[in-house]
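Written below as structure tokens is the structure these notes are about.
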Amino acid sequence: MRCFRRHYAVCLISALSVFSLVIQFMVLLQRSPCTVNRLCTTEFSDKIQHGTSNKVTYKDYLDRPSSDLTSLQNEWKVDATLFHKFPKEKRFLTLGIPTIRRVGDEYIMDTIKSLVNNTRPKELKDIYIVIFLADFNETWIDDISKRLNKSYPQLISLETLVVIRSWKSFHPSLENLNHTYNDKYEKWRSKQNVDYAFIFLYCQHLSTYYMQMEDDVYTISNYPKVIKEYISTMTFPWTCLEFSELGFTGKVQPLKDRFFDNLEKTYKGDNPPAKLYTNLVVQSSFTPESAYILEPGYFWSQSNGKRGDWFTVVFDDPQRVEKIIIDTGSREHPTDKIEHGKLQASLSLLSIEQSQPKCTNDIDLGYLSGGFLKVDNLTSILRSFRIHCLSLILTANQDWWIIIKEIAVFVAD
Ligand SMILES: *[C@@H]1O[C@H](CO)[C@@H](O)[C@H](O)[C@H]1NC(C)=O
Ligand SMILES: *[C@@H]1O[C@H](CO)[C@@H](O)[C@H](O)[C@H]1NC(C)=O
Ligand SMILES: *[C@@H]1O[C@H](CO)[C@@H](O)[C@H](O)[C@H]1NC(C)=O
Ligand SMILES: *[C@@H]1O[C@H](CO)[C@@H](O)[C@H](O)[C@H]1NC(C)=O
Ligand SMILES: *[C@@H]1O[C@H](CO)[C@@H](O)[C@H](O)[C@H]1NC(C)=O
């Protein structure tokens with residue numbers, strides 16, 4: 001982790017800036033958001049409505065900024081709100097989370113659980129969590145809103161959890177886009193731009209601060225307090241503070257950013273009971289165990305890696321192992337991986353002194369490549385031998401910190 005890596009997130013935004021972001025997103029889209037029939041009368045909006053003959057250009061947009069969006073406000077916010085009326089009370093912070101239907105994977109419920117669990121009960125009244133169901137599939141909207149209603153009755157009655165939706169008519173046609181990017185995701189991106197504009201606009205006056213999040217992040221405990229305290233230390237005017245590197249554009253003051261990431265385990269090994277040891281400097285909430293347990297979390301060192309640094313799993317009972325997967329770095333911190341390192345199995349444990357295991361009868365199992373290593377068919381190499389210690393050992397210095405995202409150990413049957 002270094003402070004100046006990728007800085008392309010606007011996460012915490014003072015409410016005043018929200019509207020200008022809406023405008024910027026509309027520029028990105030290169031189309032006007034003016035799509036509600038009665039408000040669009042010009043030739044320009046005709047173009048948008050029918051998306052046919054001529055493409056709508058950036059110049060068209062500049063000639064006719066999106067003033068219509070603001071005049072839409074009153075009723076649409078009420079209509080967009082699923083459980084209550086549009087909330088009126090101004091709070092400290094709004095967390096805005098757009099989510100769409102994903103076949104197979106659904107993260108949003110866990111994300112909400114993590115947001116709520118990591119907020120102290122009395123602070124729930126200081127925040128709004130606005131979930132934007134940004135998909136037009138009515139079955140899905142119905143289903144997920146029922147489940148939210150059922151899972152969080154209290155949060156809904158506090159108005160802390162606000163669930164919203166939009167309609168196709170709010171969105172411009174996404175045919176005939178003339179894009180600044182040349183990529184196959186342009187339609188998806190454009191939809192996402194409008195989604196962001198929609199949620200920004202919805203949240204515009206709800207709170208003093210707004211933070212945009214993705215639907216698959218987990219938070220550190222007590223994040224509202226951390227954010228509040230951080231804001232109170234700011235001694236100069238700011239537009240945006242960065243608490244993460246979530247993926248939407250906007251360049252701002254780079255500040256601390258280690259609060260949000262995808263912490264889910266991917267490989268989920270059998271991981272028999274073990275103790276974890278390392279000589280690396282541990283960041284308090286990113287313990288060595290976090291890399292090994294199946295629950296969300298990872299290990300994160302707080303110093304650059306040096307040749308000879310080690311991270312060791314000592315099984316409570318020696319194990320016959322078939323397969324091991326090591327994954328380092330994370331989605332938000334992809335460079336914090338072990339670039340040069342090897343995995344070593346030891347058949348014997350001599351002692352553990354001052355949290356340093358002494359293991360012997362070592363066998364090198366392989367070198368990490370791109371921060372990753374998978375070794376299979378171990379029983380064909382090790383036969384009936386059992387492994388007592390597994391050590392990751394750095395074979396070179398590196399100028400970045402280390403995240404060990406997952407150690408998955410699959411035992412032989
Ligand atoms: C639209 O795209 C075409 C082809 O990429 C480009 O030549 C043209 O300048 C674009 N028009 C605008 C207004 O951006
Ligand atoms: C809630 O947080 C506590 C500690 O802050 C943790 O032990 C517990 O596992 C969390 N529960 C969920 C469902 O995330
Ligand atoms: C809408 O969502 C439901 C439930 O998630 C799914 O079964 C159905 O296939 C979806 N319909 C379309 C057209 O994608
Ligand atoms: C939410 O659940 C309550 C019962 O807890 C029910 O009265 C209400 O109609 C539900 N609302 C929606 C929109 O499903
Ligand atoms: C592992 O063993 C299986 C057969 O047991 C074989 O098909 C596979 O190719 C082996 N994989 C490696 C990486 O050697």
Side-chain angles (χ1 to χ4, degrees), residues 29 35-36 49 51 72-89 91 94-117 119 121-177 183-199 201-207 213-218 262 264 266 296:
L29 183 74
T35 53
V36 172
Q49 296 279 301
L72 279 176
Q73 283 190 34
N74 295 328
E75 333 98 83
W76 76 261
K77 286 192 177 177
V78 174
D79 292 346
T81 314
L82 287 180
F83 300 123
H84 286 290
K85 297 211 167 63
F86 176 68
K88 286 275 185 325
E89 173 190 296
R91 298 190 179 179
T94 300
L95 303 164
I97 312 177
T99 184
I100 53 170
R101 191 175 79 89
R102 309 193 203 203
V103 181
D105 289 326
E106 185 184 277
Y107 307 113
I108 186 71
M109 293 307 232
D110 288 336
T111 300
I112 299 172
K113 204 188 281 172
S114 152
L115 286 172
V116 174
N117 189 30
T119 304
K122 71 176 167 90
E123 277 166 347
L124 286 173
K125 288 197 195 121
D126 291 345
I127 65 172
Y128 287 114
I129 300 174
V130 176
I131 308 293
F132 174 24
L133 306 178
D135 194 303
F136 303 126
N137 180 327
E138 296 292 337
T139 320
W140 176 78
I141 290 181
D142 240 37
D143 170 59
I144 196 155
S145 55
K146 282 210 179 91
R147 280 188 287 140
L148 288 166
N149 191 24
K150 204 165 152 213
S151 309
Y152 297 103
Q154 242 182 330
L155 222 52
I156 289 172
S157 74
L158 281 177
E159 296 197 339
T160 298
L161 183 63
V162 180
V163 182
I164 65 171
R165 57 161 306 164
S166 73
W167 299 270
K168 270 199 174 127
S169 58
F170 186 88
H171 288 246
S173 151
L174 297 178
E175 302 308 322
N176 274 332
L177 295 172
D183 72 52
K184 60 183 184 245
Y185 298 114
E186 63 178 28
K187 202 161 171 175
W188 177 83
R189 267 187 217 280
S190 302
K191 160 97 173 30
Q192 196 181 46
N193 284 337
V194 184
D195 289 347
Y196 284 3
F198 186 88
I199 193 169
L201 208 55
Y202 184 92
C203 299
Q204 193 183 358
H205 301 296
L206 284 180
S207 54
M213 298 184 37
E214 293 183 20
D215 65 359
D216 60 346
V217 296
Y218 294 85
N262 181 347
E264 281 285 16
T266 309

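Whatever order the structure lists ligands and atoms in, that order sets their numbers, starting from 1. What you are looking at is a predicted structure, and each value in this text was computed from that prediction instead of being measured.
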**Prompt:** Where is the tightest heavy-atom contact between R101 and W140, given as atom of each residue plus distance?
**Reply:** CG-CD1, 3.2 Å
**Fill in**
In short, P296 meets E264 closest at the heavy-atom pair CG-OE1, 4.1 Å
**Item:** Is_contact(atom 4 (C) of ligand 4), protein non-hydrogen, under 4.0 Å
**Value:** no
**Asked** For atom 13 (C) of ligand 4, what's the nearest protein heavy atom and its distance?
**Response** F83 CD2, 3.5 Å
**Request:** Answer yes or no for atom 7 (O) of ligand 4: protein heavy atom present at a distance under 4.0 Å?
**Result:** no
**Prompt:** Do ligand 3 and T139 have nitrogen or oxygen atoms that lie under 3.5 Å from each other?
**Reply:** no
**Request:** Taking the side chain as every heavy atom from C-beta outward, state whether T160 and T119 have any atom pair closer than 4.5 Å.
**Result:** no
**Request:** Consider only side-chain N and O atoms of T81 and Y202, and report whether a donor and an acceptor are under 3.5 Å apart.
**Result:** yes
**Asked** Heavy-atom distance to atom 1 (C) of ligand 4: which of D142, L82, L148, N149 wins?
**Response** N149
**Request:** Please could you name the atoms of ligand 3 that N137 approaches to less than 4.0 Å, counting only its heavy atoms?
**Result:** 1 (C), 2 (O), 3 (C), 8 (C), 10 (C), 11 (N), 12 (C), 14 (O)
**Request:** Give the minimum heavy-atom separation between Y107 and R102, together with the two atoms involved.
**Result:** CE1-NH1, 3.2 Å
**Prompt:** I164 and L133: side chain to side chain contact (heavy atoms under 4.5 Å, CB included), yes or no, with the steps?
**Reply:** CA-CA 6 Å; I164 65 171; L133 306 178; over 6 Å; no
**Prompt:** Is atom 11 (N) of ligand 4 in close reach of the protein, with a heavy atom under 4.0 Å away?
**Reply:** yes
**Complete:** Closest to atom 14 (O) of ligand 3 among protein heavy atoms sits R101 NH2, 3.1 Å
